[in-house]
Colleague: 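If you scroll down you'll find the structure; I have some questions about it.
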Amino acid sequence: MPELPEVEVVKESLKNTIINLIFKKVIINSNNLRYKINKRDLNKIINKKVLSITRRSKYLLINLSNKMTIVIHLGMTGKFFLVNKTNQIKKTSFYYQITKKDEKHNHVIFLLSNNVKLIYNDVRKFGFIKIILSGNIKQNAHFKILGPEPFSKNFNIKYFKNYLINKNRTIKDILMDQRFVSGLGNIYVNEVLFLSNIKPSTNSKKIDDKKIKNIIKNTKQILKKSIKQGGSSIKNFNDSNGKQGHFQQNFRVYGKEGVKCHKGKCKGVIKRSFISNRSTFFCSRCQK
DNA sequence: TTCTTTGTTCCGGA
DNA sequence: GTCCGGAACAAAGA
């Protein structure tokens with residue numbers, strides 16, 4: 001669920017709150033996330049300072065003063081809570097209230113030098129936390145296969161066109177492939193193809209230069225817009241201050257099966273199908 | 001009980 | 001060897 005915009009929003013909120021703080025203690029409540037956390041590695045972060053927080057694709061990177069990096073992937077439902085000593089977070093209407101139900105899924109708790117707790121919460125436990133040497137990130141198995149970031153200048157028409165040579169897959173499958181472009185998931189790919197008037201099942205061989213140009217433009221635009229609105233809060237996505245995003249209000253097709261398409265004068269209806277075993281939403285009229 | 005959700009990996013067939 | 005599509009896997013809620 002958290003795709004590039006959501007990870008970017010979490011990164012920014014953590015930047016504002018934990019940079020220059022020191023990890024004092026780590027408590028593991030359950031150690032069966034996607035990968036088991038190596039406790040010896042976890043000890044290495046104790047008394048180390050947070051220098052910077054960055055993002056690559058859907059990975060969050062917390063870079064520490066001892067040249068180690070905490071790599072976090074949020075999986076489907078991973079999120080961070082930042083709470084003070086008394087386990088309370090701000091009680092304004094804009095802030096999310098941690099409930100008893102949430103507490104059940106607080107898997108890893110990082111105690112910071114200002115007595116604030118950084119809590120990793122993950123209902124489905126598909127996320128993971130790994131500690132690696134900062135210098136090894138590029139060679140790391142998770143990172144070395146990643147294609148360009150959608151915002152980078154390397155994600156351009158020439159690259160796109162070249163990648164499609166000899167490919168015989170649906171355009172949706174290609175866009176979701178992290179080796180091609182990194183950071184997009186099912187939700188944003190559905191939205192990008194809708195904006196681009198392209199049917200998700202179109203074979204990538206039939207994607208001409210004009211369509212490529214359109215996809216690139218719409219990808220950058222939609223991601224940017226979502227980041228600006230705090231990401232999409234479906235399935236309870238929040239940033240680390242518990243703030244919700246609002247981009248889900250801009251979904252035009254995702255989760256909208258049976259809803260009328262409002263693009264221009266199109267009076268089509270949003271349909272749902274499966275591509276690569278994923279829910280796929282599109283307007284059967286204006287997406288050709 | 002079954003279905004749904006996601007990113008990633010694996011496997012069989014072409 | 002490579003490409004592609006489908007299945008499997010993780011866990012939990014509805």
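Residue numbers start from 1 in every chain, and the chains themselves are labelled A, B, ... in the order their sequence lines are given, proteins ahead of strands. All values below were derived from every heavy atom in this structure, side-chain atoms included, with hydrogens, water molecules and symmetry-related copies excluded. Owing to the predicted nature of the structure, the values given are computational and were not obtained by experimental measurement.
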Colleague: Salt bridge check, A:Glu149 against A:Arg56: does any charged N sit closer than 4.0 Å to a carboxylate O?
Modeller: yes
Colleague: Take A:Lys130 and A:His142 through the test side-chain hydrogen bond (donor to acceptor under 3.5 Å, both in side chains) and record every step on the way to the result.
Modeller: CA-CA 11 Å; A:Lys130 275 186 183 179; A:His142 293 293; 2.9 Å; yes
Colleague: Taking A:Lys161 first and then A:Asp209, would you say they form a salt bridge - that is, a charged N and a carboxylate O separated by under 4.0 Å?
Modeller: yes
Colleague: Below 4.0 angstrom from OP1 or OP2 of C:dG13, is there any side-chain N or O of A:His105?
Modeller: yes
Colleague: Under 6.0 Å from the ring centre and within 45 degrees of the ring axis: does the NZ or CZ of A:Lys256 meet both conditions for the six-membered ring of A:Tyr254?
Modeller: no
Colleague: Are there any protein N/O atoms within less than 3.5 Å of an N/O atom in nucleotides 12-14 of chain B, and if so, which ones and at what distance?
Modeller:
none

Colleague: Is the backbone N or O of A:Ile215 less than 3.5 Å from a side-chain atom of A:Thr219, with the two atoms forming a donor-acceptor pair by type?
Modeller: yes
Colleague: State the OG-CD distance between A:Ser13 and A:Glu8, to the nearest 0.5 angstrom.
Modeller: 10.5 Å
Colleague: For B:dT6, does either OP1 or OP2 sit under 4.0 Å from a side-chain N or O belonging to A:His73?
Modeller: no
Colleague: When you compare the protein's N or O atoms with those of nucleotides 1-6 of chain C, which come within less than 3.5 Å of each other, and at what distance?
Modeller:
unit_1: C:dC4; atom_1: OP1; unit_2: A:Asn168; atom_2: N; d: 2.2

Colleague: So, A:Asp41 and A:Lys44, do they make that salt bridge, N to O below 4.0 Å?
Modeller: yes
Colleague: Can you check whether A:Val26 reaches A:Val108 side chain to side chain, under 4.5 Å on heavy atoms?
Modeller: yes
Colleague: For A:Phe281, is the NZ or CZ atom of A:Lys271 found under 6.0 angstrom from the centre of its six-membered ring and inside 45 degrees of the ring axis?
Modeller: no
Colleague: I need the CD-C1' distance between A:Gln178 and B:dT9, as an integer number of Å.
Modeller: 14 Å
Colleague: Let's see if you can work this out: which of C:dG13, B:dT8, B:dT5 has an atom nearest to the side-chain heavy atoms of A:Tyr254?
Modeller: B:dT5
Colleague: Any base atoms under 4.0 Å from A:Phe128, or only sugar-phosphate, or nothing? Heavy atoms, all strands.
Modeller: nothing
Colleague: Would you check if A:Phe126 stacks with the base of C:dA10, given a 5.5 Å centroid limit and a 30° plane limit, both strict?
Modeller: yes
Colleague: Where the side chain of A:Lys58 is defined as all heavy atoms beyond and including C-beta, which of C:dG13, B:dT4, B:dG7 is the nearest nucleotide?
Modeller: B:dG7
Colleague: Can you see if the side chain of A:Ser279 gets near the phosphate of B:dT5 - specifically, an N or O under 4.0 Å from OP1 or OP2?
Modeller: yes
